[in-house]
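For clarity, every value in this text was computed on a predicted model and none was experimentally measured. Both counts, for ligands and for their atoms, begin at 1 and track the order of listing. When a residue number appears, it is its place in the shown sequence, counting from 1.
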Amino acid sequence: MENSCRIAVLVSGRGSNLMAIIDAAERGEIRSKIELVISDNKEAYALTRAKEHGIRTLFIDPKEFKTREDYDRQIVKHLKEHQIELVCLAGYMLLVTPYFVQEYKNRIMNIHPALLPAFPGLDVQRKAIEYGVKVTGCTVHFVDEGCDTGPIIIQRAVPVLEDDTPETLSARILKEEHNIYKEAIRLFEEGRLVVEGRRVRIKSGRNEDLSLKID
Ligand code: GRF
């Protein structure tokens, strides 16, 4: 992969995580390139953002396929045509099928706005407030056959404040989502993520080794 890889981002909505990845690539914070953005939703604002940055976009309509697996076969076909090495789900509302997971084993990442395994699924910022947790956060994980169950790559904690609403909490979590997604991509492109069962070991990079010596 030579410290850079060909990325596809799958989206359904506004695409702020997509935008964070685009920004990171344009600023040189990651070396990988987004080759393709795919959406199951024609109206996704993420598609507009991608086009504005000269990225190829594709709307694939789930309604045109008999089964979810047929749909994923179509997506995988496009991914392979574009020699995609890493798939980033960013606000993608469909669950990927086992077929897709097997085709891209440990090469599909997802961002989730809670500290998994707490609060999987949807509307989790509201659920965190209602449950009364004092700390929540976000998780980047590899995607397996379950819903939000794959091996965890990076997590970041975010405190829940007394007067938080789902909106204010979501906004603070989102900032951290944008930070950890690009970090996870950087670790991936540097070949530093090693999946060992449920655990993802992060191999130290050259810079880390140096800073250890200086300290
Ligand atoms: C984010 O909160 C992400 O964690 C969740 O869906 C939301 C997508 O937001 N999976 P955006 O489309 O990236 O702005």
If you link I, L, V, M, F, W and Y whenever their side-chain heavy atoms are under 4.5 Å apart, who else ends up in the same group as Leu115?
Val135

Quiz: residues 86-101 side-chain donor-acceptor pairs under 3.5 angstrom, not counting sequence neighbours:
from  : atom 1 : to    : atom 2 : distance (Å)
Thr97 : OG1    : Asp72 : OD2    : 2.7

Asp164/Arg172 salt bridge by N-O under 4.0 Å criterion
yes

Between Glu183 and Arg156, is there a salt bridge with N-O shorter than 4.0 Å?
yes

Go through the steps to decide whether Thr149 and Asp144 satisfy the test side-chain hydrogen bond (donor to acceptor under 3.5 Å, both in side chains), and finish with yes or no.
CA-CA 7 Å; Thr149 52; Asp144 67 6; 2.5 Å; yes

Only counting residues at least two apart or in another chain, list the ones meeting side chain to side chain donor-acceptor pair (under 3.5 Å) with Asp123.
Arg126

Report all protein residues having a heavy-atom distance below 4.0 Å to some atom of ligand 1; order the list by chain, then number.
Arg14, Gly15, Ser16, Asn17, Gly91, Ile111, His112, Pro113, Glu177

